[in-house]
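Here's the structure, in structure tokens; my notes come after.
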2 protein chains.
Amino acid sequence: MSKVSPVLLDEQLCFSIYSASKKFNHFYQSALAPFGLTYPQYIALLVLWEDAPLTVHQLGDRLELDSGTLTPLLKRLEKQGWVERVRSRTDERQVLIHLTDMAAAKRDEVYTRIGQCQSLLGMSDDEINIMMTELVTVKQQLDDVSNQRKIAKEVDKRI
Amino acid sequence: MSKVSPVLLDEQLCFSIYSASKKFNHFYQSALAPFGLTYPQYIALLVLWEDAPLTVHQLGDRLELDSGTLTPLLKRLEKQGWVERVRSRTDERQVLIHLTDMAAAKRDEVYTRIGQCQSLLGMSDDEINIMMTELVTVKQQLDDVSNQRKIAKEVDKRI
DNA sequence: GGCAATTTAATTGTATACAATACTCTCGAA
DNA sequence: TTCGAGAGTATTGTATACAATTAAATTGCC
């Protein structure tokens with residue numbers, strides 16, 4: 001006759017994170033309005049500004065996104081003039097994502113804009129680092145759990 | 001001749017949160033697989049289990065979602081037998097979301113399942129509370145900034 | 001060298017999100 | 001009382017996400 005404890009939305013870490021993620025999305029959408037970029041488009045450009053060209057797969061590794069999401073996203077970025085998608089000649093399976101001259105030219109403008117908008121949040125580097133460290137731990141736990149399940153499934157298959 | 005500081009993906013709090021949110025989504029999808037629920041469907045049910053019936057608007061306030069997202073989501077929950085959407089008789093504009101008997105009957109089963117899966121994460125209540133407190137602060141900052149912009153726009157209009 | 005297994009992108013189908021708009025319904029003021 | 005403003009929901013259009021499948025290219029193994 002054990003009583004089940006209720007699950008209350010306001011006590012769920014997942015919902016805090018889900019909600020914060022949506023707010024950040026909105027914040028960046030609005031910060032990047034002068035450039036017409038969405039948040040996922042922006043982080044794709046961030047990675048490319050660090051190290052272009054990259055294959056779709058490499059970009060997906062950094063962003064934790066697959067080709068189902070990236071292919072249409074990159075086509076939109078291409079249409080807007082930020083990137084070029086070029087089929088690799090050494091390996092015809094791969095598509096290399098290059099930055100255009102416009103993207104290179106606008107990089108510092110975007111960096112500056114982001115810096116200004118982030119300063120509005122009034123968070124210290126310390127506060128940010130503490131949260132990121134905690135988030136790394138949570139994400140690691142989530143990965144571990146899902147890997148355990150995958151391994152369990154794999155083991156089941158082989159029996 | 002001031003140099004613009006680069007914006008590196010791995011140093012962005014937004015990306016940590018975005019990525020954690022996706023992992024949580026996946027974690028719950030998998031935890032709730034026996035019930036065929038997605039994460040957003042699950043949190044809608046959580047709110048309804050706390051306090052049904054609710055109007056679409058009231059549910060949206062709790063979940064921070066609008067009718068554009070909730071209407072189709074609730075139709076899917078209805079099709080799967082979790083809720084009933086009933087046009088209010090006292091105010092024909094409103095639609096009341098009621099839980100079905102099946103939803104009431106399965107509540108404790110879902111609560112139990114979630115409790116078991118969360119325990120796999122191995123996080124203490126303290127750790128969770130600390131993170132949630134920090135997230136509240138971040139979200140408040142994000143709200144403040146976007147409200148400031150809204151007010152600024154409003155002021156501009158009136159000039 | 002030849003072919004099965006693997007790798008890489010693209011495609012398909014389903015489910016969020018959300019801005020903008022449309023459509024009812026309600027309520028309050030002239 | 002009636003009409004216009006506002007509220008509540010649904011719809012439309014665009015952009016993610018991601019599982020599952022497809023298609024083409026490459027690699028590995030004999």
Return no unless some side-chain N or O of [X] is found under 4.0 Å from OP1 or OP2 of [N].
| X | N | value |
| --- | --- | --- |
| A:Gln41 | D:dT16 | yes |
| A:Tyr39 | D:dA15 | no |
| B:Thr69 | C:dA17 | no |
| A:His26 | C:dA17 | no |
| A:Lys75 | C:dA9 | no |
| B:Tyr18 | D:dT16 | no |
| B:Lys22 | D:dA17 | no |

Taking atom [atom2] of [N] as reference, at what distance in whole Å does atom [atom1] of [X] sit?
| X | N | atom1 | atom2 | result |
| --- | --- | --- | --- | --- |
| A:Leu65 | C:dA9 | CG | P | 14 Å |
| B:His57 | D:dG6 | NE2 | P | 16 Å |
| A:Gln94 | D:dA23 | CD | C1' | 16 Å |
| A:Ile43 | D:dA17 | CD1 | P | 7 Å |
| B:Arg87 | C:dT26 | CZ | C1' | 13 Å |
| A:Asp61 | D:dC18 | CG | P | 14 Å |
| A:Asn25 | D:dT16 | CG | C1' | 9 Å |
| A:Leu37 | D:dT16 | CG | C1' | 15 Å |

| note | With the side chain defined as heavy atoms from C-beta on, B:Asp66 is closest, among D:dC18, C:dA19, C:dA17, to C:dA19
Once you apply a heavy-atom cut-off of 4.0 Å, does [X] come out as touching a base, just sugar-phosphate, or nothing?
| X | answer |
| --- | --- |
| B:Leu70 | nothing |
| A:Thr38 | sugar-phosphate |
| B:Gln29 | nothing |
| A:Thr90 | sugar-phosphate |
| A:Gln58 | nothing |

| field | Under-3.5 Å donor-acceptor pair between A:Ser67 side chain and C:dA10 base | value | yes
| So does A:Arg93 reach the base of C:dT7 with its side chain, donor to acceptor, closer than 3.5 Å? | yes
| message | Return whichever of A:Thr55 or B:Glu64 has its heavy-atom-nearest nucleotide of DNA chain C closer to the 5' end. | response | A:Thr55
| request: On DNA chain C, check which nucleotide each of B:Arg76 and A:Pro72 is closest to and give me the residue with the more 5' one. | output: A:Pro72
Are side-chain heavy atoms of [X] and [Y] found at a separation under 4.5 Å?
| X | Y | result |
| --- | --- | --- |
| B:Tyr111 | B:Leu46 | yes |
| B:Lys139 | A:Ser16 | yes |
| A:Leu63 | A:Thr69 | no |
| B:Tyr28 | B:Ile114 | yes |

| message | Would the distance check show the side chain of A:Gln12 and the main-chain N or O of A:Leu8 forming a donor-acceptor pair, the cut-off being under 3.5 Å? | response | yes
| note | Only one of B:Leu121, B:Asn25, B:Leu120 passes side chain to side chain contact (heavy atoms under 4.5 Å, CB included) with A:Leu142, and that residue is B:Leu121
